[in-house]
Amino acid sequence: MSDTSGSGADPLAMLNLWMKTSQRFWDSLSKGVQGAEEKEEEKAESGRARSRKPSWEGAFKAWQAMVAVMSKPETLEALTRGSEVLPDVFRQVVESSWNSFFTLQQMWMEKSAKIGKTAEAYRFENLDEDVFRLWNELYETEIRKYLKMPQVGLTRFYQERVQEATDRFAVFQSAMGEFVNTLMAPMEKSIAVIQEQLAAMAEEDNLPEDPQDYYRMWVKILEGHYMVLFKSREYTEVLHKTIDATSEFVRARKEVLADMLQSLPVASEKDLDELAREIYEIKKRLKALEKMVKK
Amino acid sequence: MGGAKIPVDLILSKLAEDAKQAHERARRASDVLFEDLETSIATTPYDVVWREDRVKLKHYRPRGEITLKTPLLVVYALINRETMLDLQPGRSVVQRFLDDGVDLYMIDWGYPSRKDRFLTIDDHVNGYIDGAVDYIRQEHGLDKINLMGICMGGAFCVMYSALHPEKVKNLVTTVTPTNFDTDQGLLHIWMKELDVDRMIDTFGNMPGDMMNFGFLLLNPARLMIDKYVGFAQNMDKKDFVENFVRMEKWIFDSPDVPGETFRQFVKDCYQKNLLIQSKMKLGGKRVDLQKITMPLLNFYGLYDHLVPPAACELLTSRVGSRDTEDICLKTGHIGIYVSSRFQEQFAPKIVRWLKERDGAEKAGGRAARAKSTAQRGKGTRAKGAAQRGKATKAQRGKGAKTAAKSSR
């Protein structure tokens, strides 16, 4: 059919090249992430550090396996010729994906079994904030810059406000995630404490017979943990950060909404606020005048 | 755990028994939940006798002879609603006051909308409260009326009494924060560094739902888990369900707070603690607590996590009045008003206290105070009450406040 020899662009070679390039990219990223994680883990307290390596590794391994298979000459040939090799490729891909999923599932199982073990009772310093700090750093250095790119043209201000709202939403999501995570910490810690208490009670042959007693014990411990958390400096900081992020997101969203309302025959919040202020001031003057007249 | 015996058999048999009971309870609960429940609140009849903007003045219809000459105006907080004082027949502060012969008025702050965002504390104190007080004074042909404030409403009453002492005969403050420089309560800790400008500039008014969420977070284990576990365990009891739903109706009926009022309250009170130092200004006038020369009765809760004792108990030592009394009840922020047990102590005590001061004006104020200065030692400012044979701050000594036990 079409003659490709003259064009010098061999699709097979290009596909192969793309596969190798992307593999190199993911390899280097993987190493970078691993390096960063190791650095973080060194910083973190040994008993508290949570490794995110397996999930990254699982995903990379799955990708590498797929790329390795896809890069084989026979696979590439099969791709173009549609030979019987293709089902085998899929089988290998599915197999490797399944292995990755299985690894992930195992990790979750391990994590759930560790509930209560990773947390130290009644201590809320450095509350797993590394996860959120890492994300914030990644967002601020790698993603935010795209949203902060200068806009040009007639609609530049509108675009800027949409991007501002997107940026604020990302910050809000991150802050909210951190806040929820902080709120969940006492749950984990209270389980650790109750496990210890039950072990001690079992030693003394003093375990309650009524299951509701276990619940009452847990609620009391949980309440204590919340009180400690709420009085901590860390919680107050996270709380204020979340409130500020919420306020900023709501403000940015309102500005976008006001832009959209411009084309509709409805008053914006700003218009209504200005009107309300004028009415407020007129009423105040009127009341003062009324009082003067009465006197 | 070594050779310790774990009563697995007993635990399992109890679990099985509980499961059976839960099944039975769920069956009975469905009968309760599907039948007509009486969950209305604030049913005591009243007339709206004065109104300005969203604010209404309720006058409760007497249930018998009025035995107190001076009417009582109750000022609730801007947070939540005054319906808490009249949750249900038989568990109502309002009805207790009426049964004891009080001519009762109450301010209903209504639901602020976006247009109310510019209203300041000055508008509430020197505008709405003053308007309601003037109406009552005129209606009864009196120079002064009795004033009772609850929580933030109490702080407003303190401000009002300092700015208009000539219109207030007796002042009752209940769970009223006036000293904000304390770390006893979580609100005090959280509010210290809140960027209130950013919040109010964004939201306009302070959203009631946001505040409610904040209040739930003060004790999530109890307010978000245990409370509903308790409900699940008792939802086959009609009375329990009705009371529970009434309470839920009140708790989550949370109007927004006008933005400028909230901003000023956080900044001047929580962050700068101006009120207790007599440095706060409303409408250009300084709120000087020394000008509070009328008798003052100050109630607060020992286990109040919203307005802790440290936020309330300084007031009596900072006012100009020499007739003051602190009463600390062993209960929480709302236990004083909704617990039948505390209502029995709280409302009758207020009525007795008001009746003792319901006669003609006594020589009080600064002159009398100056006279008594020599007689009282450090912290002794209870001559008026002592003359009437009451237990006073001076007699009780430091820390020995009137106390009662609470279930909440």
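The figures here come from the full heavy-atom set of this structure, side chains too, leaving out hydrogens, waters and symmetry mates. In what follows, chains are A, B, ... by sequence order, proteins preceding strands, each numbered from 1.
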Q: Less than 4.5 Å to any heavy atom of chain A: does that hold for the side chain of B/E260, its backbone, both, or neither?
A: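 Neither part.
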Q: Please classify the contact between B/L186 and chain A as side chain, backbone, both or neither, with a heavy-atom cut-off of under 4.5 Å.
A: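 It is the side chain, since no backbone atom gets that close.
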Q: Sort A/K254 into side chain, backbone, both or neither according to what part of it lies under 4.5 angstrom from a heavy atom of chain B.
A: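 When you check distances to chain B, only side chain atoms of A/K254 fall under 4.5 Å.
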Q: Between A/R251 and B/D201 (salt bridge meaning N to carboxylate O under 4.0 Å), is one present in this structure?
A: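 Here A/R251 does not pair with B/D201 in a salt bridge, since their nearest N and O are not under 4.0 Å apart.
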Q: Please flag which part of B/R117 lies under 4.5 Å from any non-hydrogen atom of chain A: side chain, backbone, both or neither.
A: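 Just its side chain gets close to chain A.
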Q: What do you reckon, is CZ of A/F157 surrounded by more than 12 foreign heavy atoms closer than 6.0 Å?
A: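 It does not: A/F157 CZ has 12 such atoms or fewer within range.
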Q: Measure B/L119 against the heavy atoms of chain A and call it side chain, backbone, both or neither at under 4.5 Å.
A: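 Both parts, backbone and side chain.
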Q: Taking the side chain as C-beta and beyond, is there a heavy-atom pair between B/D195 and A/H240 under 4.5 Å?
A: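 A side-chain contact is absent here, since even the closest heavy-atom pair is not under 4.5 Å.
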Q: Within a strict 4.5 Å, meaning less than it, do heavy atoms of the A/R277 and B/K115 side chains meet?
A: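 A/R277 vs B/K115: side chains apart.
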Q: Would you call the rings of B/F213 and A/F179 parallel, tilted or perpendicular, where under 30° means parallel and over 60° means perpendicular?
A: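 Geometry flag for A/F179 against B/F213: perpendicular rings.
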Q: Output, in order, the C-alpha distance, side-chain angles, deciding distance and verdict of salt bridge (Lys or Arg N to Asp or Glu O under 4.0 Å) for B/D123 and A/K284.
A: CA-CA 9 Å; B/D123 294 311; A/K284 204 154 185 174; 3.1 Å; yes
Q: With heavy-atom distances below 4.5 Å as the criterion, would you say the side chains of B/M199 and A/I243 are in contact?
A: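 Contact flag for B/M199/A/I243 side chains = yes.
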Q: Within a reach of under 6.0 Å around NZ of B/K285, are more than 12 heavy atoms found that belong to other residues, nucleotides or ligands?
A: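 No, because the 6.0 Å sphere around NZ of B/K285 holds 12 heavy atoms or fewer from other groups.
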Q: Return yes when atom CD of B/E166 has more than 12 non-hydrogen atoms of other residues, nucleotides or ligands closer than 6.0 Å, and no otherwise.
A: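 Counting neighbours around CD of B/E166, more than 12 heavy atoms of other residues, nucleotides or ligands fall under 6.0 Å, so yes.
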Q: Sort B/T120 into side chain, backbone, both or neither according to what part of it lies under 4.5 angstrom from a heavy atom of chain A.
A: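 Both parts, heavy atoms under 4.5 Å.
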Q: Go through it in stages, so that I can follow the logic: the residues are B/D130 and A/K287, the test is salt bridge (Lys or Arg N to Asp or Glu O under 4.0 Å), and I'd like the CA-CA distance, side-chain angles, deciding distance and then a yes or no.
A: CA-CA 12 Å; B/D130 194 39; A/K287 280 178 195 170; over 6 Å; no
Q: Does any backbone or side-chain atom of A/L183 lie under 4.5 Å from a heavy atom of chain B? Answer side chain, backbone, both or neither.
A: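 For A/L183, side-chain heavy atoms alone lie under 4.5 Å from chain B.
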Q: Which bit of A/R233 is near chain B, if near means a heavy-atom gap under 4.5 Å: side chain, backbone, both or neither?
A: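 Side chain only.
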Q: Select, from A/E237, A/R216, A/E269, the one with the greatest count of heavy-atom pairs under 4.5 Å involving chain B.
A: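 So the answer, after comparing A/E237, A/R216, A/E269, is A/E269.
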Q: Which bit of B/D122 comes within less than 4.5 Å of chain A, counting heavy atoms only: side chain, backbone, both or neither?
A: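 Just the side chain, heavy atoms under 4.5 Å.
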Q: Please work out whether the ring planes of A/F230 and B/W190 are parallel, tilted or perpendicular, with thresholds of 30° and 60°.
A: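 Ring orientation, 0 to 90° scale: perpendicular.
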Q: Under a 4.5 Å heavy-atom cut-off, does chain A meet the side chain of B/D197, its backbone, both or neither?
A: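 Neither part.
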Q: Nearest 0.5 Å please: distance from the CD atom of B/E193 over to the OG1 atom of A/T236.
A: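 These two atoms lie 7.5 Å from each other.
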